[in-house]
Amino acid sequence: QVQLVESGGGSVQAGGSLRLSCAASGRTIRNYVMAWFRQAPGKEREFLGTINWSGTRIVYLASVKGRFTISADNAKNTVYLQLNSLKPEDTAVYYCAADRTYRDSNPNYDYWGQGTQVTVSS
C-alpha cells in the first residue's frame, strides 16, 4: 500500500512561484515511479511530468518544460514540483501519482494523492 500526500498549494499572483511537495509512504515506495498531474475546472486531468527515485529519468509535458521542475528527495521520500513564472491558466488542482511502471501521460496510475489547489491571479 502506498500513501501520497500533497502540500504546498496556495494563491499567488501571475509571475510568482510555488513549490509543491508529495510525501510518499509505503514499504515498497522505491519500486514506484512518481508523477505530477493537474486538473483545471471543466478540463481533463493533464500530465505534467514524471520522475524515478534515482532521478535518472525525468520526463516533462513539453509546454511546461523550463517553467516547472520535478525533483525527488530519497531521504525524505518526497517528490517536489517547482512551479515558476506562474500564469492564470496554471490554476488547477495538482496531484501526485505513483505506479510500478513508466506510464508517463497514461492516467491509469495505481495510487493518487488528494490534490492541492493552486490559484494564480492576474
Contact between [X] and [Y] at the side-chain level, heavy atoms closer than 4.5 Å - yes or no?
X	Y	answer
Tyr95	Leu4	no
Leu81	Met34	no
Leu86	Phe68	yes
Asp90	Leu83	no

My understanding is that only residues two or more places apart in sequence, or in another chain, count here; which of them pass side chain to side chain contact (heavy atoms under 4.5 Å, CB included) with Glu89?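 Residues passing side chain to side chain contact (heavy atoms under 4.5 Å, CB included) with Glu89: Lys87.
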
Could you list all the side-chain hydrogen bond (donor to acceptor under 3.5 Å, both in side chains) pairs where at least one residue sits in residues 8-21, not counting sequence neighbours?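 side-chain hydrogen bond (donor to acceptor under 3.5 Å, both in side chains) check on residues 8-21 returns Ser17-Asn84.
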
Carboxylate-amine/guanidinium contact Arg103 Asp110, below 4.0 Å: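 Not counted as a salt bridge, because no side-chain N and carboxylate O are separated by less than 4.0 Å.
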
Report the C-alpha separation of Thr50 and Phe37 in whole Å, then their side-chain angles, then the decisive distance to 0.1 Å, and conclude whether the side chain to side chain contact (heavy atoms under 4.5 Å, CB included) test is met. CA-CA 9 Å; Thr50 185; Phe37 285 76; over 6 Å; no

Taking side chain to side chain contact (heavy atoms under 4.5 Å, CB included) as the criterion, tell me which of Thr28, Val2, Val33 meets it with Arg100.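 Exactly one candidate clears the test, Thr28.
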
So, taking the atom named CG in Leu48 and the one named CG in Leu61, what distance separates them when rounded to the nearest 0.5 Å?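 So the gap between those two atoms works out to 6.5 Å.
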
Measure the CD-CD distance between Gln117 and Gln39 for me, rounded to the nearest 0.5 Å.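 One finds 11.0 Å between CD of Gln117 and CD of Gln39.
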
Cluster link Phe47 to Tyr80, ILVMFWY, side chain under 4.5 Å: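 No, separate clusters.
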
